[in-house]
Amino acid sequence: MTLPDRLAQLLAQGITAAQTAGDLPAFAAPLPVVTRPRQSDKGDFSSAIALQINRSVNEALAAAGRPTLAPLQIAAAIARHLPADPCLARVEVAPPGFLNLFVAADWLAQQVEAIVRRGPAYYHTDLGKGARVQVEFVSANPTGPLHFGGARNAAIGDTLARLLSVCGYEVQREYYINDRGAQVDTFAATLWRRYQQLHGLDVSIPPDGYPGAYMISYARAIQAEHGDSLLALSEAEAIPIFRRLGLALVQAELADDLAQMGVFFDEWFSEQSLYDSGVFARVRAILEAQGDLYEKDGALWFRASRYLPKSDRDEVFLRSNGEPGYYASDIAYHYHKFIIRGFDWVIDVWAVDHQNQAARMPAMLLALGIDPKRLSIVLYDLVTLKRGGVEVKISKRSGELITMREVLDEVGSDAARFFLLSHSNEARIDFDLDLAVAQNAENPVYYVQYAHARVASILRKAAAQGLSSEGANLSLLNHPAELALLRKMLQLGEVILEAVRHLAPHHLPHYALDLARTFTAFYDACRVISSDPADAELTRARLRLVEAVKITLAHVLELMGMTAPETM
RNA sequence: GCCCCCGUAGCUCAGCGGUCAGAGCGAGUGCCUUCUAAGCACCAGGUCGCAGGUUCGAAUCCUGCCGGGGGUGCCA
């Protein structure tokens with residue numbers, strides 16, 4: 001349980017006690033909300049519960065013919081009946097009716113021992129209670145290298161997966177490969193022609209093909225493995241083979257690029273497999289039996305409007321050319337996720353240009369008898385890539401694209417991830433490559449990592465001097481900078497929960513910066529390793545504190561998929 | 001036309017119902033014989049797009065405008 005939860009319960013008990021004593025009338029009080037006030041003089045936490053229950057209290061009092069109470073008096077009554085607790089030093093009542101809670105310094109200091117003993121697990125919860133959750137992310141079309149926009153998807157999805165893991169969920173990471181349909185056919189045709197060209201044939205790539213140079217690289221790879229043995233194939237024979245070979249090459253490259261960012265998938269799920277395994281046919285049969293499919297304009301439609309009363313819009317299931325539309329694949333795919341694989345919760349990470357698609361998902365889930373609440377779609381805005389203030393167009397078709405690998409090579413995975421995570425999902429990101437490189441040394445990411453390296457440096461020096469933190473008297477930690485650092489560390493648990501509840505990983509980099517700043521202030525104000533023998537005990541306690549800081553900083557960095565350097 | 005997102009300090013962005021509005025970068029002034037100066041201290045900078053409304057209380061919720069971006073039935 002996080003500290004604010006614990007304090008909220010104390011307040012709830014205080015209200016009950018005040019009611020029992022007759023200082024407050026009987027009524028059903030909501031669970032108090034405890035927040036961190038901006039100003040530290042307003043306490044470590046505060047609650048506006050007295051203001052919130054003001055009306056209920058006074059209605060109950062009026063009904064009983066008793067004099068009414070001002071919010072300030074209600075707050076005072078709660079404060080009077082607050083049970084004693086080691087974590088709570090004191091409570092102040094502030095106008096117009098706030099309860100400002102001050103955490104006990106000694107309790108704070110004792111948490112250091114718990115952090116060092118338990119490690120990162122100190123900040124973990126079992127919010128998920130072992131529920132199986134799938135995070136499906138990136139899932140870019142497998143027709144070429146990942147462009148930089150995909151890096152944001154990767155950063156968000158992977159960090160969400162990491163966050164869910166430490167909140168008691170059993171997490172599966174999945175990449176959905178759109179390995180069927182017109183785009184992949186065009187991709188295969190292009191590859192086939194490039195392969196022919198490598199052997200001197202005078203052919204050109206299809207007009208709507210993929211002109212990028214990377215297609216030639218793929219063709220070379222196929223040439224290297226198969227020589228000219230595929231030249232004799234007819235086009236009809238060649239396309240399926242080049243599709244298979246090409247997709248394998250792309251997937252290997254995608255996996256490699258993503259690995260460079262520290263992103264790994266448990267499953268690469270093939271769209272085509274939904275058709276090969278008969279899942280699509282099964283889903284179609286279910287919908288047909290339910291009368292959810294009908295014909296119009298030569299196409300087969302899914303009656304989505306039946307499930308969404310506010311919409312009169314239906315979706316194409318089979319196109320007039322007989323091919324399934326993407327929506328049809330999505331139905332079969334989500335049937336596979338929920339019904340066949342039985343995930344309790346599925347999170348799809350999509351770019352905003354899929355917003356309409358996202359809005360249509362509930363209809364299919366309802367048709368399949370799946371509670372729409374079991375699907376969360378995280379929409380994030382696009383990344384505009386710039387060079388020297390000028391926008392760089394990202395297009396797979398133009399052949400001139402900025403790949404994720406290119407950007408990672410320039411700015412590094414750590415900086416890219418930190419930057420991409422630091423914006424809320426809904427915010428558009430302007431990423432200026434020149435700026436990112438120029439500001440390298442000033443990038444906040446290095447500030448955070450530098451703090452970790454400093455911590456490591458202190459601990460190295462202590463070890464070299466044979467100093468130990470075992471058995472430290474933590475109550476010696478009462479310097480304002482030490483207490484501020486303790487408070488900031490404990491906040492991590494709340495930040496993790498907040499990020500999971502809102503599927504908003506951007507809280508992490510902001511917290512990381514905050515923590516690094518608080519540590520640096522401590523570093524500046526408090527010398528850890530003292531040469532004065534009289535300070536031996538304080539040194540011991542501060543070393544213990546610094547060990548806890550290292551665990552905490554390293555953990556935040558790990559959650560963001562970043563490295564925690566020992567030296568810089 | 002309709003739907004979604006954004007509009008907060010010079011720039012990039014947090015904050016999204018609470019008690020004097022924050023950070024990074026940039027600008028200014030100081031600080032390296034003790035654990036890493038990729039650092040620190042001080043200083044400057046904001047009618048939280050505009051107008052109404054709800055509330056004890058609004059940057060935060062609602063409505064309408066304005067500006068920017070995205071989407072809008074057989075591409076995914």
Side-chain angles (χ1 to χ4, degrees), chain A residues 33 35 37-39 41-43 46-48 51-52 54-55 70-71 94-98 100 139-141 176 178 180-184 271 296-302 304 313-330 350-360 379-382 384 419 422-432 435 439-451 453-462 464-465 502 506-507 509-511 513-514 517 520-521 523-531 539 542-543 546 567-568:
Chain A
V33 175
T35 57
R38 289 187 208 278
Q39 292 79 33
D41 63 311
K42 304 292 193 299
S46 74
S47 178
L51 293 157
Q52 283 149 0
N54 179 33
R55 180 170 295 176
F98 290 102
N100 294 336
S139 300
N141 280 337
Y176 181 48
N178 297 113
R180 64 176 304 283
Q183 289 196 60
V184 183
E271 179 185 0
K296 191 183 84 178
D297 303 333
L300 191 63
W301 294 71
F302 167 66
R313 193 179 137 143
D314 293 333
E315 303 296 334
V316 169
F317 192 77
L318 287 185
R319 296 193 270 149
S320 48
N321 64 5
E323 286 293 311
Y326 66 89
Y327 191 79
S329 281
D330 272 353
W350 294 350
V352 269
D353 51 344
H354 292 70
Q355 55 182 263
N356 280 300
Q357 188 183 351
R360 294 180 219 141
L379 292 175
Y380 63 91
D381 213 317
L382 305 172
T384 308
F419 180 78
S422 64
H423 296 61
S424 63
N425 297 334
E426 305 80 32
R428 187 185 199 87
I429 296 183
D430 281 320
F431 190 91
D432 195 310
L435 220 57
Q439 290 182 349
N440 230 346
E442 304 297 336
N443 197 317
V445 63
Y446 299 108
Y447 184 88
V448 176
Q449 293 185 318
Y450 187 61
R454 275 180 155 173
V455 167
S457 173
I458 293 171
L459 295 177
R460 266 197 308 277
K461 180 166 180 178
Q465 295 185 12
H502 295 99
H506 75 276
H507 292 300
H510 289 277
Y511 169 78
L513 207 49
D514 240 15
R517 191 165 27 244
T520 307
Y523 177 87
D524 195 59
C526 304
R527 191 171 172 80
V528 176
I529 300 172
S530 172
S531 49
T539 291
R542 284 182 172 167
L543 277 175
V546 168
T567 59
M568 279 178 80

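Predicted model, so just to flag it, every value in this text is computed and none were measured. All chains are named by letter (A, B, ...) in the order of the sequence lines, taking the proteins before the strands, and each is independently numbered beginning at 1. All values below come from the heavy atoms of this structure, side chains included, with hydrogens, waters and symmetry mates left out.
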Using whole Å, what does the distance between atom [atom2] of nucleotide [N] and atom [atom1] of [X] come to?
X	N	atom1	atom2	answer
E426(A)	C16(B)	CD	P	12 Å
Y326(A)	A76(B)	OH	C1'	7 Å
N54(A)	G18(B)	CG	P	18 Å
Y327(A)	U72(B)	OH	P	15 Å
R360(A)	C2(B)	CZ	C1'	14 Å
L51(A)	A58(B)	CG	P	13 Å
Q39(A)	G15(B)	CD	C1'	13 Å
L543(A)	C35(B)	CG	C1'	10 Å

* Asked: Does any non-hydrogen side-chain atom of L513(A) lie less than 4.5 Å from one of V448(A)?
  -> yes
* Asked: Should W301(A) and V316(A) count as side-chain neighbours, where that means a heavy-atom distance under 4.5 Å?
  -> yes
Of the options [options], whose atoms approach the side-chain atoms of [X] most closely?
X	options	answer
H354(A)	U34(B), U19(B), A76(B)	A76(B)
D41(A)	U34(B), C20(B), G15(B)	C20(B)
Q355(A)	C3(B), G15(B), G22(B)	C3(B)
D524(A)	C40(B), G70(B), C13(B)	C40(B)
D353(A)	G70(B), C35(B), G18(B)	G70(B)
L513(A)	G24(B), U19(B), C35(B)	G24(B)
T520(A)	G22(B), G70(B), G39(B)	G39(B)
D430(A)	C13(B), C35(B), C20(B)	C13(B)
K296(A)	C6(B), G73(B), C4(B)	G73(B)
H506(A)	U19(B), A14(B), G18(B)	A14(B)

Can you tell me how far [atom1] in [N] sits from the matching atom in [M], rounded to whole Å?
N	M	atom1	result
U47(B)	A59(B)	P	14 Å
G52(B)	G69(B)	C1'	26 Å
A23(B)	C40(B)	P	13 Å
G15(B)	C6(B)	P	10 Å
A51(B)	C66(B)	P	15 Å
C32(B)	G39(B)	C1'	10 Å
C43(B)	C3(B)	C1'	47 Å
C62(B)	U55(B)	C1'	12 Å

* Syn versus anti for C13(B), judged by chi lying within 90° of 0? ->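 You should classify C13(B) as anti.
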* Asked: Which stems, defined as runs of 3 or more consecutive Watson-Crick or G-U wobble pairs with both pairing distances under 3.5 Å, involve RNA chain B?
  -> B:1-7 with B:66-72, B:10-13 with B:22-25, B:28-31 with B:39-42, B:49-53 with B:61-65
* Record whether the side chain of S46(A) comes under 3.5 Å of the base of U19(B) through a donor-acceptor pair of N or O atoms. => yes
Within the structure shown, what part of the strands sits under 4.0 Å from [X] by heavy-atom distance: base, sugar-phosphate, or nothing?
X	value
N321(A)	nothing
R428(A)	sugar-phosphate
S329(A)	nothing
K461(A)	sugar-phosphate
D330(A)	nothing
A48(A)	base
E323(A)	nothing
Q465(A)	nothing
E315(A)	nothing

* How far does CD of Q357(A) sit from OH of Y327(A), to the nearest 0.5 angstrom? ->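 Between atom CD of Q357(A) and atom OH of Y327(A) there are 9.0 Å.
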* Asked: How long is the span from the CG atom in D430(A) to the OG1 atom in T384(A), to the nearest 0.5 Å?
  -> 5.0 Å
Side-chain donor or acceptor of [X] paired with backbone N/O of [Y] under 3.5 Å:
X	Y	value
R542(A)	R527(A)	yes
H423(A)	H506(A)	no
S530(A)	T539(A)	no
N443(A)	V445(A)	yes

Do any side-chain nitrogens or oxygens of [X] fall under 4.0 Å of OP1 or OP2 in [N]?
X	N	result
S424(A)	C13(B)	no
R454(A)	A37(B)	yes
R517(A)	G39(B)	no

* Would the number of heavy atoms belonging to other residues, nucleotides or ligands and lying under 6.0 Å from CZ of R460(A) be above 12? -> yes
* Parallel, tilted or perpendicular: which fits the ring planes of H354(A) and W350(A), with parallel below 30° and perpendicular above 60°? ->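 The rings of H354(A) and W350(A) sit tilted, inter-plane angle from 30° to 60°.
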* Structure fact -> Whichever of F98(A) and R55(A) has the more 5' nearest nucleotide on RNA chain B, that residue is F98(A)
* Structure fact -> Comparing H423(A) with Y523(A), nearest RNA chain B nucleotide closer to 5' gives the residue H423(A)
* So which of I458(A), V455(A), V546(A), V528(A) actually passes side chain to side chain contact (heavy atoms under 4.5 Å, CB included) with Y523(A)? -> I458(A)
